[in-house]
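Below: the structure, in structure tokens.
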Amino acid sequence: MKEEDFKDNETLELFKKEGGNVLLSTVDSLINWGRSNSIWPLTFATSCCGIEMMAAGASRHDFARFGIEVYRASPRQADVIVVAGTVTNKMAPVLKRLYDQMADPKYVIAMGACAISGGPFFYNSYHVIKGVDHVVPVDVYIPGCPPRPEALLYGVMQLQRKIKLNKINDMDDPSANF
Amino acid sequence: MLSQIPLSYFLVVSTLMFFIGIYGFLTRKNLITILMAIELILNSVNINFVAFNRYLYPDQLQGHFFSLFIIAVAAAEAAVAIAIIISVYRQYFNIDVERVDTMKY
Amino acid sequence: MSIHELMFYLFSGMILLFSVLTVTSRRILRAATYLLFVLISTAGIYFMLNYQFLAAVQLTLYAGGIVVLIIFSILLTSHITHKFEPIGIKKMVFTIVAVAAGAILTITTVLNYGFNTVVASSQNPDMQLIGGSLLGYGRDGYALPFEVISVLLLAAIFGSIVIAKKEKSK
Amino acid sequence: MEKEKLKEIILGFIPEAEISTDTQFLTVNVDKGQLVKLATFLRDSDEMAFDYLFCESAIDYPDHLMMVYHLDSTKHRHQLVVKTKIADRENPVIDSVCPIWIGADYHEREIFDLFGIHFTNHYDLRKIFLDNDWVGFPLRKDYTDPVNIVER
Amino acid sequence: MEFNIYDLTSFTSSFDQLLMENLSPFWAVAIEMILIGVAILAFYAVVGLYLVYAERKVCAFMQCRVGPNRVGPYGFFQTIADLIKLLMKELIPIKNADKLLFNIAPYIVIIASFMAIAAIPFAKGLHAIDFNIGIFYIMAVSSLGVIGILIAGWSSNNKYSLIGAMRSGAQIVSYELSVGLSLITIVILSGSLQLSTIVEGQRDGWFLFTGHIPALIAFLVFLVAATAETNRGPFDLAEAESELTAGFHTEYSGIKFAFFFLAEYMNMFIVASIAVTMFLGGWMPFHVGGWEAFNNIMDYIPPFFWYAGKTAFIIWVMMWFKWTFPRLRIDQLLTLEWKYLLPINLVNIIIMAFVVLMGWHF
Amino acid sequence: MVEEITKGKLEEQEFSINMGPQHPSTHGVLRMMLKLKGETVKEVKPQLGYIHRGIEKMCEKLTYQQIIHLTDRLDYMSANILNEAVCLTVEDALQVEVPERVQYIRTIMGELNRIASHQLWWCAFGMDLGALTTFFYGLRDREKILDIFEETIGARLLLSYNVPGGLMNDIHPNFQKKVKEFITYFRKKLPEYDALLTGNPIMQQRTKGIGMLTKEQAIAYGVSGPSGRGSGFSCDVRIHQPYSAYSKADFKEILYHEGDTFARYKVRIDEMWESMNIIEQLIDNIPEGNYTAKMKPVIKLPVGEYYTRVEAVRGEFGVYIVSDGNKTPYRVKFRSPNFSNLSALDLMAREQKIADLIAIGGSMDYVIPDMDR
Amino acid sequence: MRSIINYLKEIFGAVAALFKGMRVTGYYFFHPKEIVTQQYPENRATLTMFDRFKGEVIMPHNENNEHKCTACGICEMNCPNGSIEIISEMKVNEEGKKKKVLSKHIYHLGMCTFCNLCVKTCPSNALAMGQDFEHAVFDRSKLNKVLNKPGSVLMKGTE
Amino acid sequence: MTSESLILFFIVGLVLVGGAILFSSYIAPTSTNLQKSEAYECGVPTKGITWLQFNVGYYLFALLFLVFEVETVFIFPWAVMMKSMGMVAFVEILIFFAVLGLGLLYAWKKHALIWE
Ligand code: SF4
Ligand code: SF4
Ligand code: SF4
């Protein structure tokens with residue numbers, strides 16, 4: 001997919017600037033190539049969006065083409081946590097804990113309206129977190145309710161683009177600010 | 001090539017191992033560790049047998065077979081020993097020798 | 001230094017080091033792991049002496065069998081945070097002295113004894129030979145022990161089942 | 001069985017029950033003290049045989065709380081609604097029907113959690129949804145939570 | 001019968017000679033060792049990585065999808081990307097874990113598989129060590145891997161790991177017997193433990209065919225038991241995802257986890273190699289007695305390809321098992337071993353001995 | 001601590017372990033506290049609320065049209081049936097007669113939804129048992145249904161197709177053709193499910209006689225739907241209180257009396273066949289007409305209480321609306337099948353192995369957001 | 001004897017049943033035609049959504065940059081989760097009447113549940129469902145969209 | 001090559017694992033937070049101790065395994081000789097198996113082969 005077909009290139013440019021706009025070395029790009037092509041997700045699905053995540057893994061859409069099929073149940077071995085579904089007040093500490101227990105480098109995809117902003121449960125609900133970015137730092141937001149599997153794939157590609165900007169030695173813990 | 005190493009070296013190693021085993025046997029209180037010490041002792045004996053066989057009667061296999069049977073017997077012994085340990089454990093929830101013999105059956 | 005010497009020193013060093021660790025380690029599973037290393041090094045010595053079958057038996061039965069069994073029982077009876085109390089200094093010194101005395105005595109005897117070593121062949125006894133002797137009846141045959149082993153094993157099965165299966169005697 | 005007949009039987013058992021037949025299901029209003037007695041009767045008597053409690057809910061009215069039990073009989077295939085008022089909104093207590101219909105277990109825990117109604121005789125009355133340190137009963141009408149609720 | 005066109009023995013020995021002549025013996029040996037070491041390492045890495053890739057592709061095809069295809073042509077570099085990523089992943093120190101044992105465990109698992117590879121004959125003359133107790137040695141060494149798993153599970157101080165370790169302990173311990181006994185059936189037929197002799201013995205027909213029924217039973221038993229011994233589905237109870245999250249390696253991250261992952265595939269490779277060597281004639285081409293022309297054509301395919309092809313087939317069958325069957329429960333697993341496989345095996349050995357005694361084999 | 005335990009009565013000491021909230025086989029965020037002895041489960045304590053979203057409270061603030069989109073998010077696997085239930089309640093209360101066409105379409109959509117859900121259940125159940133390929137076959141076939149949904153409704157999972165008084169929009173012209181195609185296709189594929197999983201001896205051994213639930217227990221706990229019918233509890237609302245167009249189709253209730261995991265499994269497999277029967281009977285007879293009845297833009301229910309029971313995929317779903325005459329309900333209660341079904345889990349899983357617990361959970365087909373609401 | 005026969009029968013039955021399952025997976029392995037995978041990013045050019053697919057809410061503009069929204073606020077009211085905010089101002093039109101004019105129709109894509117209510121209830125059909133689904137962004141604020149294009153005005157003849 | 005070169009394989013394995021872990025631990029990013037090094041248990045803090053009480057049944061399998069492993073070891077030399085020794089070996093192994101089969105039968109009958 002071509003660069004200009006992607007959305008939100010401006011933010012990506014911004015990230016590049018923040019990174020000092022230094023050219024990546026060969027080693028960096030090799031590592032980023034590895035990282036971006038092997039994003040193992042944690043099995044973390046709380047509700048409806050999880051079903052579409054499963055659908056994305058199934059034959060029709062085949063997540064595995066991106067090398068992502070290795071769903072790990074243990075956060076130690078996962079790279080990305082796809083928050084697929086509503087996160088409630090009771091669940092938030094769990095999510096945070098899971099995120100904390102993941103090994104660096106780690107990424108978060110907020111999938112679906114609930115994960116982005118609480119979605120349908122934004123108003124009048126007493127038990128829903130209004131967006132998981134209050135709990136963990138989110139790298140990519142995929143709107144939809146639920147997003148269709150292609151949208152998830154698209155989000156993953158966005159994440160890959162973001163990973164490709166990383167430099168080997170500026171991997172600070174993003175959760176330090178939290 | 002082997003002749004570069006004298007037989008006595010093997011014997012020294014096995015002796016040391018034997019006495020280390022004895023040390024463990026005497027100082028350890030846990031039944032399982034005692035079992036391990038016994039395994040060390042048996043092993044040192046095996047080394048002796050094998051070394052003797054190789055250096056003294058290389059054409060025969062007595063030492064070799066002796067070790068073989070020792071290993072087999074050790075296995076059977078370990079099986080029974082562990083069965084005993086487990087049954088002791090189920091009785092006392094403990095496998096310290098000292099505690100075990102002070103407790104009443 | 002030939003490869004053989006190198007290996008001998010390596011293996012005997014490992015044996016001694018890990019045996020000491022086995023009997024002194026305060027964590028039981030570590031002790032078992034060290035024991036495993038001792039046994040593997042012993043197998044290494046057998047390999048070096050070219051008794052390959054014996055070495056493999058050592059690996060299978062000792063390392064793969066007995067140690068596994070020991071680890072199993074450790075998993076039941078001990079917890080990861082469990083440590084042995086260090087033994088009293090007095091007892092330790094006493095034991096060490098006694099053991100060292102014994103060791104020195106034996107070693108001096110061993111070193112002073114003149115073995116008439118013959119290293120005619122460092123041939124590996126091949127399986128045909130081993131099998132032949134194991135099944136043979138004659139002077140070098142071990143057919144009887146071979147069958148006795150089976151009885152021994154039978155006894156071990158009976159014994160361990162009876163002992164371990166004993167229902168909770170309340 | 002028709003509503004009328006059911007009504008007669010129930011009235012024969014508990015004369016002071018208020019029964020309305022013009023609603024979707026036959027509705028019985030009983031005093032909360034007689035609830036367990038009625039429930040046991042409903043389950044055990046052969047003509048009633050209400051063995052299946054398919055819904056149990058609470059309603060928060062401005063001056064009282066109301067427990068509603070929806071019953072079904074797998075034998076006769078008739079339905080019944082039992083209602084009980086709990087006048088004390090501050091400290092509501094009612095007998096549990098858990099011993100009669102074990103399926104009420106979770107429903108009552110839910111009601112305890114969200115309405116704050118205590119059930120006596122319930123064997124394991126814990127909060128089911130919310131954290132143990134959650135304050136307030138969200139499904140009550142007067143519940144406010146400025147932290148979590150964004151009003152629209 | 002002409003085999004020497006692809007005989008590698010002469011090549012290796014002449015290489016040996018070349019070194020011996022030009023260097024002092026110590027250095028000659030040292031250089032030889034280093035070369036072999038590097039070769040093994042490369043071989044190990046390549047096989048491991050590509051088995052992972054193959055597994056992904058195989059399961060993808062069985063599941064009506066295409067599998068990894070975006071990293072390199074047909075996703076060929078997928079596992080390399082995985083490797084790079086895993087190498088660059090944080091190694092998390094676990095609180096309350098027994099650090100020493102926690103770190104030792106992957107070594108044990110990997111080294112056990114390394115040692116086993118040493119004795120596998122890949123082609124004529126292409127094996128590191130030709131023990132005269134070959135097959136027994138492989139069995140002995142590969143039985144050590146389980147200790148790594150037990151230690152890993154126990155030292156993680158994690159409940160899932162502990163259950164996983166316990167399970168895999170019981171499992172591997174049980175199935176090792178069946179592996180051993182089913183191999184014995186073939187040893188009776190071949191009369192040797194040396195792998196090269198065993199392979200040579202299958203010159204005129206693979207043992208699977210010459211030993212007919214008992215060999216076939218032994219082969220099936222071996223396949224089942226070997227799948228179980230390598231901890232693969234449907235016997236992957238130790239890491240049963242739906243029950244124990246990740247089983248004994250729940251707490252392992254990054255490259256340490258990768259080693260467990262790798263060891264699983266290497267063990268699969270090893271048992272497949274054993275199966276090929278013992279039952280399917282190792283690197284021997286497929287021969288049919290009497291069909292000289294056919295046999296000659298078969299000889300032109302290099303032995304290594306025969307070996308690799310057969311191994312790939314066995315591995316594929318094992319993958320096929322994994323992706324078809326539901327996982328067994330622990331008690332079923334043990335029942336299968338102790339009440340079915342083991343008695344069958346014992347009887348089978350007797351039958352085989354009888355067959356050999358009567359000379360009924362081909 | 002260790003000393004205490006070693007000294008204490010270890011026989012009675014149990015090992016407690018957590019499964020969930022993040023666990024591959026709890027189908028969401030159920031947390032189960034297990035007490036184990038060895039591998040044997042001594043007690044299961046489900047902990048709910050990890051996905052409690054307060055939907056009942058939210059409904060009190062929303063109009064009846066808006067409630068629909070929240071019911072979808074309860075049991076998202078039977079979204080269509082759930083919002084049908086709300087629509088039926090509102091229509092009952094207002095005494096609106098919906099056109100027959102709407103009833104037919106609702107029934108067909110509901111049954112398609114049921115098949116889709118059972119397919120997904122089959123995938124998940126296979127995964128729980130460790131048969132990983134089932135996941136792909138089930139979802140592959142499910143995509144065909146999703147295509148039908150998407151063509152008509154525009155959404156794949158959360159349909160929001162029913163609105164009070166009718167439907168959101170008319171069916172797509174291709175609808176009938178596609179559905180028929182699907183049924184021919186799926187009739188061919190369903191036997192594959194049997195070959196892959198049902199007949200498998202490993203699977204049978206893992207499910208037969210495991211997780212027993214007798215009929216009496218099922219009734220007492222209110223375990224309905226396929227799970228209840230696996231115990232012989234005849235609880236199909238479609239039969240006993242037919243709604244929409246179910247009275248026009250001829251079908252039977254699938255009942256098994258064994259009460260074990262395998263019986264529950266079989267009920268679902270057979271229900272897929274039966275659903276296809278229903279659809280086949282209805283699909284050609286969809287009457288012409290309007291796709292919605294005349295409704296006022298602002299719906300106000302008369303004061304009173306309304307209860308509707310429908311047969312959702314996982315059991316009896318009930319909507320209980322108390323209205324005070326406003327445009328928003330006074331109180332809404334959803335009787336969710338999973339909630340009651342879950343309460344029987346402890347009973348079923350005791351004295352079974354961990355692996356059995358997973359199988360039992362899989363056979364009950366839990367959807368956690370539906371329990372937590 | 002009976003039990004031994006049963007024992008053997010059991011084994012053979014089990015093996016046969018296992019083989020049946022293997023035939024299914026084996027069949028698919030050897031029939032790559034059965035692969036149903038759609039190669040998403042590669043097939044973008046040919047990938048078409050169903051025309052009713054609900055990907056996002058859009059406000060169609062005609063070529064003169066005109067839309068139909070009268071800023072009546074009905075969609076805002078009907079949206080179950082407040083994804084729409086209408087900002088309007090009072091303007092005096094040519095006829096001298098004060099009239100509400102849309103200045104911003106804010107649409108929170110990150111909250112929308114695609115329930116279709118806004119589209120359905122809009123009295124002047126100003127809204128529609130778009131079929132784009134590639135919305136993933138790095139920054140959440142990018143999801144708050146303004147539907148009316150800058151400088152757009154109300155279509156003539158819309159009330 | 002002779003069996004000495006086994007040590008080579010050992011060393012290569014050691015180097016592979018050690019090198020990779022060393023490399024990784026130097027180059028991989030690290031971060032710390034309070035929860036990271038705690039035991040993972042589905043995202044909630046662990047309660048109780050990690051200690052599993054297993055039944056004896058479990059050990060019986062291990063014990064039986066050991067016994068049968070000894071048996072396997074002794075059958076190997078026999079298997080090698082079977083072809084050349086013929087009848088004698090056959091009879092010997094029949095006796096051997098008969099005795100051990102008795103053991104297995106005993107275990108079976110005593111329900112030692114049931115996992116509880
Ligand atoms: S965004 Fe929509 S589909 Fe996703 S979890 Fe939330 S309500 Fe469900
Ligand atoms: S979009 Fe339609 S409903 Fe919304 S403000 Fe504009 S005209 Fe009104
Ligand atoms: S589609 Fe529904 S949720 Fe989205 S903006 Fe329109 S009314 Fe709101």
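First the proteins, then the strands, lettered A, B, ... as listed; each starts at 1.
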**Message:** My understanding is that only residues two or more places apart in sequence, or in another chain, count here; which of them pass ring-ring contact (aromatic ring centres under 6.0 Å, His included) with E:Phe77?
**Reply:** none
**Asked** Should F:Phe182 and F:Ile115 be marked as a side chain to side chain contact (heavy atoms under 4.5 Å, CB included) after you check the CA-CA gap, both sets of side-chain angles, and the distance that decides it?
**Response** CA-CA 11 Å; F:Phe182 165 75; F:Ile115 296 177; 4.2 Å; yes
**Fill in**
Cut-off 4.5 Å, heavy atoms of chain E, and the answer for F:Leu34 is neither
**Request:** With F:Arg268 as the cation and F:Trp121 as the aromatic partner, state whether NZ or CZ is under 6.0 Å from the six-membered ring centre and within 45° of the axis.
**Result:** yes
**Request:** Please test F:Leu357 against F:Met348 for side chain to side chain contact (heavy atoms under 4.5 Å, CB included), starting from the C-alpha separation and ending with a verdict.
**Result:** CA-CA 8 Å; F:Leu357 170 70; F:Met348 286 186 284; over 6 Å; no
**Asked** Which of parallel (below 30°), tilted (30 to 60°) and perpendicular (above 60°) describes E:Trp316 and E:Phe313?
**Response** tilted
**Message:** What part of F:Leu197 gets within 4.5 angstrom of chain E, counting heavy atoms only: side chain, backbone, both, or neither?
**Reply:** side chain
**Message:** Can a donor-acceptor pair be found, under 3.5 Å and without considering hydrogens, that links the side chain of F:Thr261 to the backbone of F:Ile360?
**Reply:** no
**Positions in residues 184-193 of chain F that reach chain E, provided some heavy atom is under 4.5 Å away** = none
**Item:** Residue part contacting chain F, namely of E:Gln63, when any heavy atom lies under 4.5 Å
**Value:** both
**Message:** So if I take each residue of residues 135-149 of chain F and look for any heavy atom under 4.5 Å from a heavy atom in chain E, which residues do I end up with?
**Reply:** F:Phe136, F:Tyr137, F:Arg140
**Message:** Do E:Trp320 and E:Ile315 make a side-chain contact, defined as non-hydrogen atoms from C-beta onward lying under 4.5 Å apart?
**Reply:** no
**Sequence-distant partners of E:Leu86, side-chain contact (heavy atoms from CB on, under 4.5 Å), two or more places apart** = A:Trp40, E:Phe257, E:Ala258
**Request:** Determine, step by step, whether F:Val223 and F:Leu213 satisfy the side chain to side chain contact (heavy atoms under 4.5 Å, CB included) criterion, reporting the C-alpha distance in whole Å, the side-chain angles of both residues, the deciding distance to 0.1 Å, and the verdict.
**Result:** CA-CA 9 Å; F:Val223 176; F:Leu213 186 73; 4.1 Å; yes
**Prompt:** Looking at F:Tyr256, does the NZ or CZ of F:Lys266 lie under 6.0 angstrom from its six-membered ring centre and within 45 degrees of the ring axis?
**Reply:** no
**Message:** Please verify the inter-ring angle class for E:Tyr252 with E:Phe102; under 30° counts as parallel, over 60° as perpendicular, anything in between as tilted.
**Reply:** parallel
